[in-house]
Each structure stands twice: as structure tokens, then as C-alpha cells.
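The structure under discussion appears below in the form of C-alpha cells.
Convention: sequence-line order gives letters A, B, ...; per-chain numbering from 1.
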2 protein chains.
Amino acid sequence: MPDRLSQFDKALFGLRSLVLGGAFLGDKRLSEVAVAKQLGVSRTPLRQAMDRLVSEGLLERIETGGCRVAIFTKQDITDAIEIRGVMEGTAAKMAAERGADPLLTAQANDALDRIDIALAPRGRIDFDLYVRQNARFHNLLGRLAGSGLIERELERMNRLPLASPSAFLIEQAGIPDFQESLRYAQRQHRAILEAITNREGSRAEALTREHARLALTNFDYLTKHRPEATKGVPGLALVTSRQGSTTDSA
Amino acid sequence: MPDRLSQFDKALFGLRSLVLGGAFLGDKRLSEVAVAKQLGVSRTPLRQAMDRLVSEGLLERIETGGCRVAIFTKQDITDAIEIRGVMEGTAAKMAAERGADPLLTAQANDALDRIDIALAPRGRIDFDLYVRQNARFHNLLGRLAGSGLIERELERMNRLPLASPSAFLIEQAGIPDFQESLRYAQRQHRAILEAITNREGSRAEALTREHARLALTNFDYLTKHRPEATKGVPGLALVTSRQGSTTDSA
DNA sequence: GGGTGAAATAATGTATACACAACCTCTGGC
DNA sequence: GCCAGAGGTTGTGTATACATTATTTCACCC
């Protein structure tokens, strides 16, 4: 987050948190003037922010103009998680095969060390620290691949609220043995980084895909046993189905 | 392409073709007013178009403001092709495992039939038709997966000028047995669609990845034997290396 | 002669005004 | 009572004006 907020940043962060907060869930369309007034910015930077959120998939354009909050189906979310797993796995494989930048590897190790601190064996888990360093580790995974393209793509995926590595890490989520599942995830982190360091491409890829499946597991558990918890997931407008258009311009 | 061009469309298509035409290759920064005047639009839609091209990866932002044409390394391109292969493979696998929409399958078949026409056994190849229907088939591959997310991601990838399925299909490229390579690609298309229809997920994925490697082969051949041909690739600013930043905000 | 600083110029970020399009409402007629 | 049309209202798309920031150049001092 930039130190000095430009009007655009103000609009982007403000709009994103409004959307994630579920402010416009029922709305047919977001009124630009109303939102601009609410955020204290003018329409120009707000429209830029809207464009950005559209490209992130949080909003979707309406044919006649303007945009509304995107509707996610459960399948959208599992798809997103699966695709993130594929991409992260590819990144890990690339990193292993090409040899990862030692500087970035050190940073990744540092992130994992801090997660260890967050998960201190005795005492209360520092959940906030975990989420932050977890996000940092996953971002570093993209950069370790040494490809600007995959780095950017992964960053984009990780911004998707429902596929991000931290999306369903809700302490109150009621997942059984939640703390143990975090420790399990951390062991996976270590294994992934080790595989990359040892230049074991296939192993790194498989481990990373497996790791991503944790999010799937959590999501499945939540939708089955605690559906109201997914309602608590910021901005989640879950529907079971959605009419799809199958038009094609030959 | 919309029938009635809005100012934004005018800016987007105009700017894209200017960039792809290599108009700003040496420039430190694109002047908004100058480009706006050249395209006959005002700065507002032009800036939107710039944002779009930045998200497509054709332009990149400058820290101090404004943007310039993106610089691609050869590795960027091979990476992009590989990642596209991974994503398309995933799409094909999803389509096969979930069962593809018959309507979309029919459209894909239609695209392939038209490619057959383009590759008519005797007579000159209809290269333009091939490229169009090839792009259509690859777009349909994304939609067959039945996931809005992967569909959008693939569309984004396919817009990347250097990773797109048609990027190195340059008739004059001097690839040996060029027409035969097109027929080979078409046989791969058929096999992919067949695997999807038969719901053979792994086979569909493998075939699709293999198919994507064609672009790699072509690109490798061109850079090795006809480096000047890659110069002819629209807007390609190829450099051999690039200084990377490895900063990290802990 | 070279370097540093300040001022001027130019370009971007932001705001606002205007025009056109869509939608909703209200009224009149059937 | 219901439907249709016209007018108003709301909203987006576009342009332009303004302010802020970066860059460059010139002059002065070392």
C-alpha cells in the first residue's frame, strides 16, 4: 500500500473494501456519482478503480454501461483455486528447474521463519502475522519462477478474494483442528521450498498443487458444514447456478 | 470488433496497432497528448486504452507516471508460450472431465471444418481463414472448460502478441514445410477435440500441451535461423537480457 | 570547465462540465 | 383498468480545464 495515497489509490482501496464488505450485493448497478461522493473522490479516478476491479474479476461490466459486483458460483471458486494451484505449481517447477535466485530464496525462507514464529508451539497463534507472511511466501513463489509474466499472473490470481492463499483462513471458521491444519500447511511450505532449492522440479510442482488443495478442502468443509461461514467471507455473493451465454461470433 | 466504434475502441485499436507496428519502440515514454492527437481522440479514452494495454502486458507503467512499450526478452516469450500451454491444457482437461457443452463442441468442430477448407489439399492455402479459425478454436477451448475464470485468463493470454496461438504463423517465415506444419497442427486440433468429446482428461491435457509446443518450436527456429523474421513480428522489442529488481517489502 | 540549483516548461493526475442514451414515471386515451 | 407514448430524470461516455509533479535547461558559482 503506497505511503501517500493518490486519489486513484483512495478510490481503489475504498471501492475494494466496500465491495468486499458486501456493500453493493443486491444492487443492479453501481452508481458512479454516489460511490464517488461516498469515497470523497471524483468520478475519474473512481472509474479507473472500477476498471481495475473489473479486470480483477470483482466487478463485471453491464452491457448497457456501468458495472455491478460479480456473482460467484461455488464452482467459480473451486475453479479459481484449482487454476491457482496449476499456476503456482508451474511457477514452483520453473523455479526448481531454472535455479531460484538465492536472494529471493532467502526471503522466502525468512517468510517461513516468521510463520514459525506466528505458529509458536505454545501460546496463542499470531494469526495476522501468519496471513501476512503466508501471502508474502506465495507472492515470492511467483517471483522465484524468474518470469515476469507468471509473477504478474499469480499476483492477479492471489488478489481474487476467493482463490487467494488466505481466503479461507478464518480463525473462527470452525474447521476442526484448525491450528494443526496451519502447521500442516507450513510443513508443506518448507517441503516446497526445499524441493525448489534441490532443483526437483516435478516434486516442487506436485507439492505446490497439493498445497493449493488445502484451500479446496477448507472451502468444501465450510460450504458443507458451516454455510453461514462462507457468507462471512468478504463480499461473497454465492449462488448455486447462473445462466451462461453460449453465443459465438463465427 | 464492435460495429460502431466508440472513442475508446478507436483509441484501443489505434494504439494497439501503433504499438504493434513498432511506432514507439525507442521512446522513453508515450506522450498522451501527442498520441491522442494522432489518433483523433481525447486523452480520457486514450488513457483507458493505455490502462488496457498495460493489463495486457503490451505497455508497462513507469514509476513516475505514464507508460512505455514493454520490453520482451526471448525468455519472456518462451515463458508465455509455456504458460499458455499449461492453461490451455488445464482447460482441455476440465472440458473433458466435466463434459463439454455440445453447442460449443459443435462450434469447435465447425471451426476445424473451416480450417480444413483453409488447408484445402490442392490449391493455395487460405492463410487468413486459417488464422481466424485457429484463433476461434483456441478461444472455444477456453469456453469448453465451462469456467468463466479460465476462459477470461486464456483470452488474456491469447491477446499477448507473442504467446498467441497465431503469433508465429507467418507464412513468409521460412519455416521448412510450413504448410505441412499447419496440417500437423490441424491433426492435433482434431485429436484434442476428440479426447475432450471422449472425456479423456489426461489425454486432452497432454495433447493440448504438445500442441502449444508448436509455437515454441516455430519461435526457436525463427530466432536461430531467421532472427530477422522475429524482428518482423509486430511490435517485438527483443532484448537478450534485462535487469531485474529483486526488492521485497517484508 | 564542470557541477549544482532554481526556474520554466511540459506532461500527467484529477476534477468538472456537457452531451447523449437509457430508464422510469406519469398522463392520456382506448 | 390497462396500455402506450412522451417527457423528465438519472447516468454514463467524452472532452477539456486546472493543478501538481517531474524533467530539462540555463545560469551562476566554485
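- Proximity of A:Leu193 to A:His189: side-chain heavy atoms (C-beta onward) are nowhere separated by under 4.5 Å.
- For A:Glu82, there are no salt bridge (Lys or Arg N to Asp or Glu O under 4.0 Å) partners at least two apart in sequence or on another chain.
- Across the protein-nucleic acid pair, B:Glu32 atom CD and D:dC18 atom P stand 18 Å apart, rounded to whole Å.
- In this structure, the salt bridge (Lys or Arg N to Asp or Glu O under 4.0 Å) partners of B:Asp113, at least two apart in sequence or on a different chain, are B:Arg190.
- A heavy-atom distance below 4.5 Å is not found between the side chains of A:Thr208 and A:Lys93.
- Of the candidates B:Val33, B:Leu12, B:Val35, B:Val35 is the only one forming a side-chain contact (heavy atoms from CB on, under 4.5 Å) with B:Leu46.
- C:dA11 atom C1' lies 6 Å from atom CZ of B:Arg29, rounded to whole Å.
- Residues from residues 33-49 of chain A that place a heavy atom under 4.0 Å from any atom of DNA chain C, listed by number: A:Ser42, A:Arg43, A:Thr44, A:Pro45.
- Atom NZ of A:Lys10 is separated from atom C1' of C:dG13 by 14 Å (rounded to the nearest Å).
- In this structure, B:Glu63 places its CD atom 15 Å from C1' of D:dT23, rounding to the nearest Å.
- Between A:Ile62 atom CD1 and D:dT10 atom P the separation is 18 Å, expressed in whole Å.
- Rounded to whole angstrom, the span from the CZ atom of B:Arg68 across to the P atom of C:dA11 amounts to 17 Å.
- What separates CE of B:Met50 from P of C:dA11 is a distance of 12 Å, to the nearest Å.
- Going from atom CD of B:Gln7 over to atom P of D:dT14 covers 6 Å, rounded to whole Å.
- The line from CG of B:Leu144 to CZ of B:Phe137 is 8.0 Å long, rounded to the nearest 0.5 Å.
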